[in-house]
Amino acid sequence: MKNIYKLLLGVFLMLSATSCSDDFLETYPTNAVDTGAVFSTTENAWGALNGIHRLLYIRYQSDQDSYGQSAIMMISDLAGEDCYMAASTNRYMTVTRWTAFESDSNRAVVFAWQYYYKVIANANLIIGNIDKAVGPQGDKNAIKGQALAYRGWAHFMLVQLYGMRYTNGVENSQLGVPIMTFENPNAKARNTVEEVYTLINSDLDKAIELLEGYKRVNKSHIDQTVAQAFKARVLLTQGHWLEAAQMAQKVIDSKSYSFMSHDQHFEGYNDYNNPEWMWSSKLQADQLGNVFDNFFAYMGYNFNGRGTREGPRCINKLLYDKISNTDIRKNKLWVKDSDTDPSIVAPGIKAKYMHQKFRSSSENSAADCCVPYMRVPEMYLTAAEGYAKAGGEYTDKARELLYNVLSTRDPQYKKSTKSGDALVDEILTTRRIELWGEGFRFFDLKRLAQKLDRNGTGVSTTVASVMSVEAGDSRWQWQIPLVEIRANPLIIQNP
C-alpha cells in the first residue's frame, strides 16, 4: 500500500473523553494528527478508542448501504443461500448476484477494504502510542488490549474476504492481504494467508492477556470474553477444532451471558440489554444519522423504506422446513404463509417465508443501532462444532452444548444421540437457523469449502441470477479494489 494511512480516515480525537464515555469524535487525516496531544493521557486515549467503536456504524463513501460492520453482515448473508430478497430492489443486487466480487470497482468491494484498513490504521495509532500516556496502567492495558483485538479482528475479516480460505495442515502460502502494523505502515505486497493468521492470533493472544480483569461499562467496548470469542472464530476457521471449542468454552464458563427468554425472541433483536448480546454498538440520540444508513433500514421487516417494502428478506424454505415444529421461533420469526400479516408497512409486499426477526422500533431506524455483532449462542455452537469434529471423548460435550441452545428454543427438544458427521450436520444446521441474518453464511460456506446452492430455496432466479457457485470458484476471493492497485504497485490482483 502506498502509505495506506493517506487513503484512510485517521484517529478520532476527543480531549474530554473518559473510560465511561459514549461520546464519539471528529475524524482527521492521520498525517494531521497530533499524537502527542491525543496520547498524552489515558483520558484522551479513551477518546481515540471510542473513535474506533464509532467506525462500526458510521456511513462510508457516499452510499447508504456502506454503514459499517452491519453492512458486511448484510452482504455475507445475501451472498449465501439462507437469506434472500423476495424481489429485486435498489440495494445489494450485485452482492446477491455475485457480480460484486469479480469487480475491482464495486462499492461493496471497495467499502470493505477501506473500512477494515481504517479500523487497523486507527488501532495502530493506539498500539504504538498508548504506552507513553500518563494514567493508570489498568487503563493502558484496557485501551491497548481493545486496539489489538480490533487489529486482529479486522485483519481476520479482510483475509476471509480477499484471500483464499485457510486449510489446516498445509503451508497456506496462498496470497492473503497486506499486514499493516504501527512499526511498518508503508506500502507492501500481500502477505501469505499463513502470515496473516499468525499476526491475527498474536494480536488476539495479547489482547486476551491485557484485558484480564477489565470491566467494561458498555457492550460497545471489547472485554476479555469478546476477545476470546474472536479467537474462537479464528481457530474454527483454521480448522483447529479442539482449540476452538476450548476457547469458546472459556466464554461460556465466564457466566457473563445467559439465554434470552421466549418472549425476548419476538422483541425485534434490537435490544442492547438482551442477555445474549456480547458485543454491539450503542448509539446516543445526538449521534443518529440518516434513517437509511443502518442495518434496520434494510433488514427491519416493518421499516418504511424501498428496500424493505419491495424486497423483504426471507429464509431459505428448505432450511425453514428443518426447524422443529415445536421450536417457538418457527412461525413467529419467519412467516411461511404470505396470507399471514407480518405487520408490514403499506404498500410493502407480503412474501412467503419472510422474516420477523429484526424489527425497527421507530420511524428513525438509526435509533436501532443495537445490532448483535456477537451473541453467546454462537459460542455454544462453536464449541459444539469443535468438540464434535474432535470426536471421541468430546462427543458428549458437543451434544450437551447443542442441547443447551436448542432446549431454550424448543421445550420438547431431546438431547441428540448422534455422533460423527450426523452430529456435525445437526450442529451446522442449528447454526444456520440460530444465526440467520447475522452475517455468517458467506464465511461459513467458505471456511467449510461448501458450494453455494440456492436451488429449491424459494429465491427467484430473477433476483438471484446465480443459483450455484462451486467451492473452488475464484469469486470466493473478492477483487482487490482498483484504487488500491493504482496506489500500490506491489499488490497482485486476485484471478
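For clarity, every value in this text was computed on a predicted model and none was experimentally measured.
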Enquirer: Could you pull out all residues at least two apart from Tyr257 that satisfy ring pair (Phe, Tyr, Trp, His ring centres under 6.0 Å)?
Expert: none
Enquirer: Using a 4.5 Å cut-off on heavy atoms from C-beta on, say whether the side chain of Leu236 contacts that of Met247.
Expert: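 They are not in contact (no side-chain heavy atoms under 4.5 Å apart), so the answer is no.
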Enquirer: Would you say the side-chain atoms of Thr225 and Asp223 include a donor-acceptor pair closer than 3.5 Å?
Expert: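 Yes, a side-chain donor-acceptor pair sits under 3.5 Å.
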Enquirer: Taking only residues two or more places apart in sequence or in another chain, which ones pass salt bridge (charged side-chain N to carboxylate O under 4.0 Å, His left out) with Asp205?
Expert: Lys231
Enquirer: Please report the shortest heavy-atom distance between Leu78 and Arg313, naming the atom on each side.
Expert: CD1-NH2, 4.1 Å
Enquirer: Assess whether a salt bridge exists between Arg359 and Asp271, defined as any Lys/Arg side-chain N lying under 4.0 Å from an Asp/Glu carboxylate O.
Expert: no
Enquirer: Is it the case that the side chain of Ser103 and the backbone of Asn106 share a donor-acceptor pair, with hydrogens and angles ignored and the cut-off at 3.5 Å?
Expert: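 Yes, the answer is positive, given that a donor and an acceptor are paired below the 3.5 Å cut-off.
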Enquirer: State which residues pass ring pair (Phe, Tyr, Trp, His ring centres under 6.0 Å) with Tyr166; sequence neighbours excluded, sorted by chain then number.
Expert: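 For Tyr166, the residues satisfying ring pair (Phe, Tyr, Trp, His ring centres under 6.0 Å) (neighbours in sequence not counted) are Tyr197.
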Enquirer: Tell me, with the steps shown, if Ser70 and Tyr57 meet side chain to side chain donor-acceptor pair (under 3.5 Å).
Expert: CA-CA 7 Å; Ser70 56; Tyr57 62 82; over 6 Å; no
Enquirer: Distance-only, no hydrogens or angles: does the His240 side chain make a donor-acceptor pair with backbone N or O of Val234 under 3.5 Å?
Expert: no
Enquirer: Between Lys336 and Asn331, do the side chains contain an N or O donor and an N or O acceptor separated by less than 3.5 Å?
Expert: no
Enquirer: If we only count heavy atoms from C-beta on, is the Gln69 to Phe295 side-chain gap below 4.5 Å?
Expert: no
Enquirer: Donor-acceptor pair, Asn302 side chain versus Ser360 backbone, under 3.5 Å?
Expert: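 Side chain of Asn302 to backbone of Ser360: a pair is present.
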Enquirer: Please give me the minimum heavy-atom distance between Lys446 and Gly163, naming the atom from each residue.
Expert: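 Of all heavy-atom pairs spanning Lys446 and Gly163, the closest is NZ-O, 2.6 Å.
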Enquirer: Give me the ring orientation class for Trp277 and Tyr269: parallel if the planes are under 30° apart, tilted from 30 to 60°, perpendicular past 60°.
Expert: tilted
Enquirer: Hey, can you tell me if Phe230 and Trp279 have their rings parallel, tilted or perpendicular (30° and 60° cut-offs)?
Expert: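 Geometry flag for Trp279 against Phe230: perpendicular rings.
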Enquirer: Please enumerate all residues that pass side-chain hydrogen bond (donor to acceptor under 3.5 Å, both in side chains) together with Thr99, with sequence neighbours excluded.
Expert: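 Result, side-chain hydrogen bond (donor to acceptor under 3.5 Å, both in side chains) vs Thr99: none returned.
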Enquirer: Between Gly268 and Phe296, what is the shortest heavy-atom contact and its length?
Expert: O-CE2, 3.8 Å
Enquirer: Without hydrogens or angle criteria, can the side chains of Thr326 and Asp410 be said to hold a donor-acceptor pair below 3.5 Å?
Expert: yes
Enquirer: Quick one: do Arg107 and Val110 satisfy side-chain contact (heavy atoms from CB on, under 4.5 Å)? Show the steps, please.
Expert: CA-CA 5 Å; Arg107 65 176 180 241; Val110 176; 5.6 Å; no
Enquirer: What's the spacing between Gln493 CD and Glu484 CD if we round to 0.5 Å?
Expert: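 It comes to 10.5 Å.
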Enquirer: For Lys322, look at atom NZ and say whether over 12 heavy atoms of other residues, nucleotides or ligands are found less than 6.0 Å away.
Expert: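 No - once you tally the heavy atoms of other residues, nucleotides and ligands closer than 6.0 Å, there are 12 at most.
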Enquirer: Quick one about Thr96 and Tyr84 (side-chain donor to acceptor, distance below 3.5 Å, no hydrogens or angles considered), yes or no?
Expert: no
Enquirer: For residues 156-181, pull every pair meeting salt bridge (Lys or Arg N to Asp or Glu O under 4.0 Å), keeping only residues two or more places apart or in separate chains.
Expert: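 Output for this query is empty, none listed.
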Enquirer: Taking the side chain as C-beta and beyond, is there a heavy-atom pair between Arg454 and Asn316 under 4.5 Å?
Expert: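 No - every pair of side-chain heavy atoms lies 4.5 Å or more apart.
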Enquirer: Determine yes or no for a side-chain-to-main-chain donor-acceptor pair under 3.5 angstrom, with Arg431 supplying the side chain and Leu381 the backbone.
Expert: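 Checking the backbone N and O of Leu381 against the side chain of Arg431, no donor-acceptor pair under 3.5 Å is found.
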Enquirer: Who are the ring pair (Phe, Tyr, Trp, His ring centres under 6.0 Å) partners of Trp436, not counting sequence neighbours?
Expert: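 Residues passing ring pair (Phe, Tyr, Trp, His ring centres under 6.0 Å) with Trp436: Trp334, His355.
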Enquirer: Under the 3.5 angstrom rule, does the side chain of Arg447 hit a backbone N or O of Leu445 as a donor-acceptor pair?
Expert: no
Enquirer: Can you check whether Gly439's main-chain N or O pairs, donor with acceptor, with Asp77's side chain at less than 3.5 Å?
Expert: yes
Enquirer: What distance do Ile127 atom CD1 and Tyr150 atom OH have between them, rounded to the nearest 0.5 Å?
Expert: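 Answer rounded to 0.5 Å: 12.5 Å.
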Enquirer: Taking side-chain hydrogen bond (donor to acceptor under 3.5 Å, both in side chains) as the test, write out the residues that go with Arg432, two or more places apart.
Expert: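 Only Asp82 meet the side-chain hydrogen bond (donor to acceptor under 3.5 Å, both in side chains) criterion with Arg432.
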Enquirer: Answer with yes or no whether the side chains of Gln238 and Asn201 bring together a donor and an acceptor at under 3.5 Å.
Expert: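 Yes, side-chain donor-acceptor contact under 3.5 Å.
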Enquirer: Taking only residues two or more places apart in sequence, or in another chain, which ones meet Lys357 in a salt bridge (charged side-chain N to carboxylate O under 4.0 Å, His left out)?
Expert: Glu438
Enquirer: Quick check against the 3.5 Å criterion: does Lys415 have a side-chain atom that pairs as donor or acceptor with the backbone of Tyr403?
Expert: no
Enquirer: Is a side-chain donor-acceptor pair under 3.5 Å present for Glu400 with Tyr380?
Expert: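 Note: Tyr380 and Glu400 side chains miss the donor-acceptor criterion.
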Enquirer: Hey, are Glu81 and Thr457 close enough side-chain-wise for a donor-acceptor pair under 3.5 Å?
Expert: no
Enquirer: Test your reading of the model: is there a side-chain donor-acceptor pair from Asp473 to the backbone of Arg475, 3.5 Å cut-off?
Expert: yes
Enquirer: Return the set of residues passing side-chain hydrogen bond (donor to acceptor under 3.5 Å, both in side chains) with Asp453 (not counting sequence neighbours), or none when no residue passes.
Expert: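 Asp453 satisfies side-chain hydrogen bond (donor to acceptor under 3.5 Å, both in side chains) with Asn455 only.
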Enquirer: What salt bridge (Lys or Arg N to Asp or Glu O under 4.0 Å) pairs are there with at least one residue in residues 247-263, not counting sequence neighbours?
Expert: none
Enquirer: Between Thr430 and Glu426 (side chain of the first, backbone of the second, donor and acceptor by atom type, cut-off under 3.5 Å), is there such a pair?
Expert: yes
Enquirer: For the pair Asn274 (side chain) and Asn270 (backbone), establish whether a donor and an acceptor sit closer than 3.5 Å, ignoring hydrogens and angles.
Expert: no
Enquirer: Would you please classify the geometry between the His265 ring and the His262 ring as parallel, tilted or perpendicular, with 30° and 60° separating the classes?
Expert: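 The arrangement is tilted - the two ring planes meet at 30° to 60°.
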Enquirer: Flag the pair Leu242 / Tyr387 as yes when at least one side-chain heavy-atom distance between them is below 4.5 Å, and no otherwise.
Expert: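 Leu242 vs Tyr387: side chains touch.
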Enquirer: With rounding to the nearest 0.5 angstrom, report the CG to OG1 distance, Asp396 to Thr417.
Expert: 10.5 Å
Enquirer: Between atom OG1 of Thr237 and atom CG of Asp444, what is the distance when rounded to the nearest 0.5 Å?
Expert: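 Answer rounded to 0.5 Å: 8.0 Å.
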Enquirer: Taking CZ in Phe259 as the centre, count heavy atoms belonging to other residues, nucleotides or ligands within less than 6.0 Å. Is the count above 12?
Expert: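 Atom CZ in Phe259 is packed in, count exceeds 12.
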Enquirer: Please tell me if the side chains of Ser254 and Gln228 come closer than 4.5 Å, counting only heavy atoms from C-beta onward.
Expert: no
Enquirer: Considering residues at least two apart in sequence or located in another chain, which fulfil the salt bridge (charged side-chain N to carboxylate O under 4.0 Å, His left out) criterion with Lys332?
Expert: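 Not a single residue meets the salt bridge (charged side-chain N to carboxylate O under 4.0 Å, His left out) criterion with Lys332.
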Enquirer: Between Phe442 and Phe101, does a ring-ring contact (aromatic ring centres under 6.0 Å, His included) hold up when you go through it step by step?
Expert: CA-CA 12 Å; Phe442 175 88; Phe101 314 142; 5.8 Å; yes
Enquirer: Just wondering, more than 12 heavy atoms not from Glu209 lying within 6.0 Å of its CD?
Expert: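 Atom CD in Glu209 is not crowded, with 12 or fewer foreign heavy atoms closer than 6.0 Å.
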Enquirer: Listed by chain and number, what are the salt bridge (charged side-chain N to carboxylate O under 4.0 Å, His left out) partners of Arg409, not counting sequence neighbours?
Expert: Glu276, Glu434
Enquirer: For Ala142 and Leu211, which heavy atoms make the closest approach, and how far apart are they?
Expert: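 Smallest interatomic distance, heavy atoms only, reads O-CD2, 3.7 Å.
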